[in-house]
**Q** 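Have a look at this one before I ask anything.
Basis for what follows: all heavy atoms, side chains included, without hydrogens, waters or symmetry-related copies. Throughout, protein chains are lettered first and strands after them, A, B, ... in sequence-line order, and every chain is numbered starting at 1.
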Amino acid sequence: MGLWLLILIPILAAPFAWMGQQWSHHAPRWIAIGALAVDCLLALLLGSRDHAVQASGHGAWLVESHIGWIPRWGISLHLGLDGLSFILIILTAFIGVVAILASWTEIQSRIGLFHCHVLLALGGVIGVFLAIDLFLFFFFWELMLVPMYLLIVIWGHAQRRHASFKFFLFTQAGSLVLLVAIVALALLHQQATGHPSFDYADLMELTLGSEMARWLMLAFLIGFLVKLPAPPFHTWLPDTYTEAPTGATIILAGILAKTGAYGLLRFTIPLFPEAMSDFTPIVMGLGVVGILYAAVLACAQTDIKRLVAYSSISHMGFILLGAFAGTELALQGVVMQMVAHGLSTGGLFLLAGALEERYQTREMGQMGGLWSVTPRLATMALFFACASLGLPGMANFVGEFLVLFGSYATQPIMIILVSFGMVMAAIYSLGMMQRTFFGRQQDTRSVPDLSNVAFGTVLLIAVLQIWLGLYPKAVLSTTQPVMEQLVRAAGALPTLSHAPTESLWSSHIVALQGDTP
Amino acid sequence: MISLLWLIPVLPLTGFLLLAFFGGRLSRWQIASVGCGSVGTAAVTTAIVAADFFRTFPDQESYHQTLWNWIDTSGMTVGISWYLDALSLLMVAVITGVGFLIHVYSAEYMAHDDGYARFFAYMNLFVSAMLTLVLADNLLLLYLGWEGVGLCSYLLIGFWYREPEYGTAAQKAFIVTRIGDTAFAIGLFILFTQFASLSIQQVQSRAVEAWPVGSNLAMIVAVLFLIGAVGKSAQLPLQVWLPDAMAGPTPVSALIHAATMVTAGVYLIARMHHLFALAPMVQEVIAVLGLVTLLLAASSAVVQTDIKRVLAYSTMSQIGYMFLALGVGAWSAALFHFLTHSCFKALLFLAAGSVIHSLHHEQDIFKMGGLRRHLPWTFWTFLIGAAAMSGVPLITSGFYSKDWILWSVWSSPISHRWIWFGALFGAMLTGLYSFRLIFRVFFGEVRTQPAGEPGLAMRGPLVVLAFLALTVGFLEMPHTLGNVTVFSDYLSHALPTTELLPGIDESSEAREQLAVTVAALLGIGLAALLFLPGSLFTSRWADQSTDHPSMTLLQGGWGFDRLYDRLFVRPWFTLTRYPHDMLDRGYEWLAVCGKSCHGWMSYTQTGHVRWYAATIAVGTLMLLGLFAM
Amino acid sequence: MLSTPALVLAIMLFALGLIGLLSRRNILYMLLSLEIMLNAAALAFIAGGARWGQVDGEIMFLFILTLAAAEVSVALGIVLQLSHRFRTLDADAFCELRG
Amino acid sequence: MEILFYIAAAVSFLATVRVITHVHPVHALLYLVVALIALALIFYLLGAQFAAALEIIIYGGAIMVLFIFVVMLLGPLAVEQERTWMTPHAWVGPSILALVLLGEVGYLIAAGDHTGSVIAETRQKGISIALYGPYIIGVELASMLLLPGLIGAYHLGRRLSREGRGC
C-alpha cells in the first residue's frame with residue numbers, strides 16, 4: 001500500500017493545492033512542497049527498510065504491490081520498487097520541490113492551478129517509475145504528459161503555443177508507437193499462453209521470434225528515445241525548454257527526460273536482449289552523435305536557455321551510450337548521470353530563468369558583466385557551468401566518467417570521439433559564463449540578486465552535486481543489485497562483456513607473457 | 001604525526017570555503033589572514049609531516065592514507081587517498097612553501113582590488129587542487145586535481161572579468177589545456193580497461209609486468225599522457241595559451257603559471273616514469289619536444305616588449321629544459337630544475353609585479369628604465385632571479401640544475417649530441433633575454449616615474465625567494481664541484497637514477513660544464529652589448545623596429561596562434577555560426593507540408609450544408625455500390 | 001404483400017427528400033426535406049416489420065419519431081438564430097464554418 | 001385494399017413533390033401535412049395502427065405546428081409573401097389530395113373491416129413489451145436525446161430574445 005501512497009499523495013494533494021489559492025498566495029506552494037516532502041520521506045522509509053529481496057519473477061523488488069484490475073485482459077495494478085526506481089523517485093520529489101521553489105516569484109497568475117498541474121505531473125512520473133504492469137505504465141506515461149502540456153501552454157513565454165504543440169506532437173507520437181508495441185506484446189503473450197498479459201514478469205518470459213522482437217524493440221526504443229531525447233527525435237526539446245516557465249523546464253529536464261532513460265533500462269533492454277545486440281552499435285552511435293551534435297549546437301546558441309537545452313541533450317547522450325554499453329560499470333554511470341544531470345540542468349535552468357525574469361531577455365548578447373550586479377547568481381552559474389563541463393568532484397563527472405570507463409572496453413573509437421565532446425562542453429559552458437557574467441556590462445539596469453529562497457535552493461543542489469561527486473556510493477550502492485541483474489538479463493548479448501576484473505586481468509597477463517619471448 | 005597528511009590539501013580548501021561564503025562580510029585584514037593563514041598552516045603541516053616522514057624514511061619509502069572510497073562499484077575501486085613519497089613530498093613542499101610566500105605577497109599587491117576575497121578564495125582553491133594533484137594515490141584523483149588547477153587557472157586569468165580580452169585569454173587557457181586533459185582521460189580509460197585499476201603504483205607495476213618495452217599499448221598510453229602533460233605545461237604544440245595567460249594578476253602568474261601548475265606535466269611524467277620507460281620512442285619525443293619548445297620560447301622571449309610575456313616565454317623555455325631532462329631519463333635532474341625554477345621564476349614574477357605595481361600597471365619594458373636606484377630591493381632580487389635563470393655559475397641555483405640537465409643530455413645513452421648543442425644554445429638565449437630585461441628595466445634613464453618601493457609584505461617574500469634562488473642549488477653539486485648529492489639521493493627512492501653512457505669520465509664533465517658556463521656568460525655579455533644603455537650597439541637596437549616580418553613572427557611566438565586560428569578557430573566559428581538545428585528544419589518542413597495539405601483539403605470545407613449533404617449522399621452511394629459488388 | 005410496393009414508395013420518397021435537400025437553398029425547405037427523408041426511412045421500417053410480422057419495425061419508428069422531434073426542435077431554434085443574425089434563410093449564406 | 005394503398009401512395013408522392021417544388025413555405029407545409037397523413041394511412045394499411053396514429057398526432061400535429069410557428073416567427077423575412085399565402089390555389093391542391101384520403105378512410109370505415117383493432121391490441125402489447133424489454137436502452141437513449149433537444153431549443157430561443165432586446 002505504501003507504493004500506492006507514493007503515487008496518490010501528490011495526485012490527491014493536487015486539488016487541495018488548487019483550492020489553496022483562496023486562502024493565500026503561498027498556500028498552494030506550501031501544500032505542494034509538503035506533499036512532495038512527505039512523499040520523499042515515505043520513499044526513504046520504504047526504500048531503506050531492511051527488506052528481504054523478493055525473488056518474484058525477474059524483479060528484485062524491495063517492495064511490491066499487486067492488485068488485480070482487469071483480469072480478462074491480464075491487466076493488474078502491479079507496482080514494484082527497486083533500487084533504480086527508489087533513486088529516481090527521490091530525485092523526482094527533490095526536483096519537484098526545486099521546481100516549486102524556482103517558480104516562487106515567477107508564477108503570479110493562477111498559482112493554485114500551476115501547483116495542481118505540477119503535482120499531477122509528478123504523480124504521473126512517480127507512477128511511471130513504479131509501474132511494472134505495462135498497461136499501468138502506459139497509463140502513467142500519459143498521465144504525466146497532459147499537465148506538462150498545460151503548464152507550458154498556460155504559463156509559458158511568447159512562443160508557448162508553438163512549443164507546447166511541438167512537445168505534445170513529438171511525445172504523443174512516441175507514446176503511440178510505444179502503445180502499439182505494448183498491446184502487441186500482450187497479444188503475443190495471448191498467442192503463446194492463451195491469455196493476454198501486460199505484466200512485466202510474464203512478458204520477460206515470453207520468447208519472441210527474432211523478426212517480431214526486432215520490430216517491437218524498435219518501437220520501444222523510439223518511444224523512449226523521443227522522451228530522452230536522442231537525435232533525431234530531439235528537436236522538440238530546445239523549443240519546449242525555452243518557452244516553458246522555469247518550474248516546468250526544471251521538471252522537464254530534471255525528471256521527464258529520465259523517464260525515457262528509465263524506460264530503456266527497465267523495459268527495452270531486459271525485454272529484448274537478443275534483438276538489442278544488433279542495434280547496440282547503432283544506438284550507441286546515436287548517443288555519440290547526440291553528444292557531439294548537441295554540443296556543437298550549444299556552442300552556436302545566443303539564447304541562454306537554448307544553450308542549456310542543447311547542453312542537456314548532449315549530456316543525455318551519455319545515458320544512451322552507457323545504457324547500451326552492456327557493462328555494469330557503464331550502467332552505474334548511467335544512473336549517476338541521470339541523477340547528476342537532473343541536479344545540474346535543474347540548477348542551470350533555475351539560474352537562466354532567474355536571469356530572464358530580471359532582464360526580460362534570454363539573449364546573451366544583451367547581458368555581460370553581470371558578475372558585479374548579481375554576484376550570487378554569477379557564482380552559482382559558475383558552479384553549474386563547471387558541473388556541466390564535467391569538472392571532477394561533481395556528480396556529473398562521476399556519471400560521465402563511469403559511462404566512459406565502462407564503455408571503453410566495447411567501443412573504444414566511440415569513446416575517443418565522445419572525448420571531443422568534453423572539450424566542446426568546456427567551450428560552451430565557459431562561453432556562456434563569458435557572455436553573461438564576464439566582460440563589459442551591456443545592460444546597466446540594477447537588478448536584484450538571487451532571492452534568499454532561490455539562493456538556498458541552488459545552494460542545496462550544489463551541495464548535493466558535490467556530495468554525490470565525492471561520495472557517489474550513496475546512489476551507486478543502492479542501484480548496484482539492479483544493474484547486476486540487468487547485465488545478467490542482457491547477458492545473452494555476444495558483444496557485451498563485464499567490466500574488467502582481477503581474474504580477467506591476470507588471464508590477460510598470462511596471454512601476453514605467452515606471446516613475448 | 002604523518003597521519004596529518006590529509007590536512008594539507010584540506011586546509012587551503014577550508015580557507016576557500018570560508019572566503020567563498022563569508023568573504024563579503026570579512027575585513028581585508030581578515031581575508032588576508034584567512035587566505036595566507038590556510039596556506040601557511042598547510043606549509044607548517046607539511047613540515048610536520050615531512051619530519052615524521054624522514055624519521056622512518058629510507059625504510060618506509062611511501063606513506064599511504066585513504067580517507068574514504070570515492071567510487072567503489074562494479075569492479076572499479078577508487079579512493080580519496082593520498083600517497084606520500086619523496087617525489088610528492090618535494091612537490092608539496094614547493095607548493096605550500098612558495099605558495100605561502102606568494103600569498104603573503106598578494107596580501108599587499110592586491111590590497112586595493114575590489115575582488116580581494118574572491119582572489120584569495122581562488123588562490124586557496126588552487127593550492128588545494130594542486131596539492132590534491134601531487135598527493136593523489138590514483139589517477140582519477142590526480143585528474144581531479146588536474147582539472148581543478150585548470151579551473152582555478154581559468155578563474156584567475158580572467159580575474160579582472162570586465163576586460164573581454166582577459167576573458168578570452170582565460171577561455172583559451174582552459175580549452176587548450178582541456179584538449180590535453182581529454183587525451184589524458186583517454187589514457188586513463190585504456191589503463192583501466194587493461195589493468196582494472198587506477199592506482200598509480202598498481203597500474204605501473206602491472207604495466208611493467210604485462211607490457212614489453214616498446215609495446216603498442218604502452219606507446220599509445222604514454223603518448224596520451226604526454227599530450228596531457230604538454231597541455232598543462234605549455235609545451236609544443238599546446239603552448240599557445242601561456243603567454244596570453246599573463247592577463248591574470250601577477251601573483252597568479254608567479255604561483256600558477258610559473259612555479260606550480262605548469263610543472264604539473266613534469267610531475268605527471270615523472271610520476272608515471274615506469275610507464276614512460278616502457279615507451280622509449282615517446283621519451284625521445286619528449287626530449288625533442290622539450291628542446292624545440294625551449295628554443296622557440298627562448299627566441300620569442302628575446303623580442304617581447306611586455307615584461308610578463310618575457311617571463312611567460314622564459315617559463316615555457318625552462319619547462320622545456322625539464323621536459324628535455326625527462327626525455328633523456330634524467331628524472332631527478334628535471335625535478336631539481338623544477339625546484340630551482342619555482343624559486344627563481346616565482347621570484348622574477350614577484351619582482352616584476354613589484355615593478356608593475358610601482359609603475360601603476362605599466363608592463364611595457366620600453367616605457368621602463370633606470371629603476372635601479374628607485375627600487376633597490378626589487379632590483380637586487382630581480383637581478384638574483386635573472387642570474388639564477390641564466391645560470392650564472394657557482395653562486396646561483398639555476399646553474400646547478402641546468403648544468404645537471406645538460407650533463408645528463410650529454411651523457412645519456414638515449415640522447416643525441418645535437419640535442420645537447422640545441423640546449424646549450426638555449427642556455428645562451430636564456431642569458432640574453434634575462435639580462436635584456438635587467439638592462440631595459442633597471443638601467444638607463446627613467447621613462448616612467450615609479451611610485452616607490454613596495455611594503456614589507458611584498459619585500460619579505462622577495463628576499464626569501466632570492467635567498468632560496470641562490471642556495472637551493474647547493475643541494476646537488478656535480479662531482480667536479482664538491483659532489484653534493486643530497487637531492488638525487490633523496491629522490492632516488494622515488495625515481496630511478498640517471499643512466500650514463502659507458503666511458504664517460506669527470507674530465508668530459510668539466511669540459512661540458514665549461515661550455516655551459518661560457519654559453520650563459522656569452523648570453524649575458526651579448527645582452528650587455530645590445531641592451532645596456534651606453535654600450536656599443538644599444539643606439540642601433542634601442543628603437544627596435546617591431547614591424548619587421550621576422551620580428552613579428554618571433555613576437556607572436558612563431559605564428560602558432562595564427563596557424564591555429566586558421567586551422568581550428570575559424571573553421572569552428574564557421575561551424576557554430578548558425579544556431580539552427582538542421583534536423584529541426586526537417587521536422588519544420590514536415591509541418592509546412594502538413595499545413596499546405598491541410599489548406600488544400602480545407603477547400604472541400606465550403607461551409608455549405610448542401611455540399612456536405614451531397615458528399616454524404618455520394619459517399620453512401622459509393623459504399624452501397626461497394627457492398628453491391 | 002404490400003411491403004414491396006411500400007419499400008419502393010419509401011425509396012421514392014427518400015429520393016425526393018434528398019433531391020429537395022440538395023436543390024433547395026432555403027434552410028426551411030431543407031429541414032422539410034429532412035423530415036421527408038426521415039419519414040421515408042420510417043416507412044421502410046414499418047414495411048419491414050409488416051413483412052416479417054414483428055414489432056421491431058414499429059419500435060424503430062418510435063425512435064425515429066423521437067429523433068425527429070428532438071432534431072426539429074433544435075434545428076428550428078438554430079434556424080431562428082441564423083435568420084436573426086443573417087437576415088436571410090439562404091443556407092449558403094451560413095458558411096462561416098468553411099475551411 | 002391494394003388499390004387503397006396505391007392511391008395513398010400516389011397522394012403522398014404527389015404531395016411530397018409539391019413540398020420540394022413549392023416556393024411558399026406555408027404551402028409546402030400544407031402539402032407535407034397531406035403527405036404525412038397519406039403515410040399514416042399507408043401505415044394503417046400495413047397493419048401498424050399505433051404508428052399511424054402517432055404519425056398523425058406527433059408528426060402531422062406537433063412537429064408541423066412547430067414549423068408553422070417558426071414560419072410565423074420568421075415573419076419579417078416573409079412578410080411580403082404573407083398576402084400571396086392565402087390565395088385560393090394555395091389550399092386547392094392540398095384540399096383535393098386530402099379529400100382523396102378522406103374518401104379512402106370513409107371507404108375503410110364503410111367496408112367495416114374491424115378485425116384490425118383486435119390485431120392492433122395484441123400488437124400493441126408486443127410493442128410495449130419489446131420497448132421496455134430488449135429495447136430499454138434505446139428508450140433511455142431516446143430520452144437522453146430529447147432532453148438536449150429541449151434544453152437546446154430553450155437555450156437557442158432564449159438567446160434570441162435577449163439579443164433581440166439588446167438590439
Side-chain angles (χ1 to χ4, degrees), chain A residues 231-232 234-235 238 296-297 299-303 306 327-329 332 369 371 379 386 391-393 398 401-402 404-406 408-409 412 415-416 419-420 422-423 426-427 430-431 434 437-441 470-473 476-477 480 483-484 498-502 504-505 508-509 512-513 516, chain B residues 20 24 68-76 80 114 140-141 143-148 151 154-155 158 161-164 166-168 170-171 174-175 178-179 181-183 185-186 188-190 192-197 206 209-212 215 572 575-581 583-584 586-587:
Chain A
H234 67 277
T235 65
V296 170
L297 275 169
C299 295
Q301 300 306 313
T302 56
D303 176 326
R306 285 188 88 85
T327 58
E328 200 183 306
L329 196 60
Q332 287 282 61
W371 187 287
T379 316
C386 290
L391 198 76
V398 178
F401 263 58
L402 285 186
L404 294 177
F405 273 118
Y408 186 84
I415 300 307
I416 290 168
S419 304
F420 288 103
M422 288 164 54
V423 178
I427 295 177
L430 299 184
Q434 178 65 37
F437 297 105
F438 300 145
R440 294 209 176 82
Q441 206 174 332
L470 292 177
Y471 192 72
K473 209 179 161 190
L476 295 180
S477 60
Q480 188 157 12
M483 294 305 147
E484 268 168 21
H498 291 267
T501 57
E502 293 287 325
L504 191 76
W505 171 75
H508 194 85
I509 299 288
L512 273 169
Q513 279 170 341
T516 47
Chain B
W68 69 85
N69 267 344
W70 184 11
I71 296 169
D72 182 12
T73 181
S74 320
M76 185 182 210
I80 300 281
D114 293 338
L140 205 65
L141 190 59
Y143 188 78
L144 187 149
W146 191 264
E147 289 282 288
L151 173 74
Y154 162 78
L155 291 172
Y161 56 84
R162 286 199 181 80
E163 301 298 324
Y166 291 3
T168 317
Q171 281 188 63
F174 193 87
I175 290 161
R178 192 110 220 254
I179 293 169
D181 300 352
T182 303
I186 296 173
L188 295 193
F189 302 150
I190 298 178
F192 178 74
T193 314
Q194 292 296 318
F195 302 125
S197 169
R206 287 177 185 180
E209 248 180 278
W211 289 338
S215 73
W572 172 255
L575 184 67
T576 57
R577 195 182 318 156
Y578 298 107
H580 304 295
D581 193 336
L583 281 172
D584 197 33
Y587 289 111

**Q** What part of A/I416 is in contact with chain B, defined as an atom under 4.5 angstrom from a non-hydrogen atom: side chain, backbone, both or neither?
**A** both
**Q** Counting heavy-atom pairs closer than 4.5 Å to chain A, which one of B/Y578, B/F189, B/F174 comes out on top?
**A** B/F189
**Q** Among B/L151, B/D72, B/D181, who wins on heavy-atom pairs under 4.5 Å with chain A?
**A** B/L151
**Q** Could you state the interatomic distance from CD1 (B/I71) to CZ (A/F401), rounded to the nearest 0.5 Å?
**A** 9.5 Å
**Q** Given heavy-atom pairs under 4.5 angstrom as the criterion, report whether the side chain, backbone, both or neither of A/L470 touches chain B.
**A** both
**Q** In terms of ring plane angle, is the pair B/F192 and A/F405 parallel, tilted or perpendicular, where the classes change at 30° and 60°?
**A** perpendicular
**Q** Can you tell which part of B/Y166 gets under 4.5 Å to a heavy atom of chain A, answering side chain, backbone, both or neither?
**A** neither
**Q** Would you mind checking which part of B/W146 comes under 4.5 Å of any heavy atom in chain A, side chain (CB onward), backbone (N, CA, C, O), both or neither?
**A** neither
**Q** Which answer fits B/I179, side chain, backbone, both or neither, if we ask what part of it has an atom under 4.5 Å from a heavy atom of chain A?
**A** both
**Q** Taking everything shown except B/Y587 itself, do over 12 heavy atoms lie less than 6.0 Å from its OH?
**A** yes
**Q** Within this structure, what is the NE2-CG distance for the pair A/H234 and B/D584, rounded to the nearest 0.5 Å?
**A** 7.0 Å
**Q** So for B/W70, is it side chain, backbone, both, or neither that comes closer than 4.5 Å to the heavy atoms of chain A?
**A** both
**Q** Shorter than 4.5 Å, heavy atoms on both sides: which option in A/P232, A/P231, A/G393, A/G369 has the most such pairs with chain B?
**A** A/P232
**Q** Between A/Q301 and chain B, which part of the residue has a heavy atom less than 4.5 Å away: side chain, backbone, both or neither?
**A** both
**Q** Using a 4.5 angstrom heavy-atom cutoff, name the option from A/V423, A/L476, A/V398 with the most pairs to chain B.
**A** A/V423
**Q** Specify the closest pair of heavy atoms between B/T576 and A/A300, including all atoms of both residues, with the distance to one decimal.
**A** O-CB, 3.2 Å
**Q** Drop me the distance from A/C386's SG to B/L155's CG, to the nearest 0.5 angstrom.
**A** 6.5 Å
**Q** Test your reading of the model: is there a side-chain donor-acceptor pair from B/R178 to the backbone of A/M422, 3.5 Å cut-off?
**A** yes
**Q** Which of the residues B/E163, B/H580, B/M76 is involved in the greatest number of heavy-atom pairs with chain A at under 4.5 angstrom?
**A** B/M76
**Q** Using side chain to side chain contact (heavy atoms under 4.5 Å, CB included), reason through A/Y408 and B/I190 one step at a time and then give a plain yes or no.
**A** CA-CA 7 Å; A/Y408 186 84; B/I190 298 178; 3.0 Å; yes
**Q** Could you grab the distance from atom CG of A/L430 to atom OG1 of B/T168, nearest 0.5 Å is fine?
**A** 11.5 Å
**Q** Between B/E147 and A/P392, what is the shortest heavy-atom contact and its length?
**A** CB-CD, 3.3 Å
**Q** So which residue, A/M483, A/R306, A/Q332, ends up with the most heavy-atom pairs under 4.5 Å with chain B?
**A** A/Q332
**Q** Kindly indicate whether the side chain of B/W572, heavy atoms from C-beta on, has any atom under 4.5 Å from the side chain of A/I427.
**A** yes
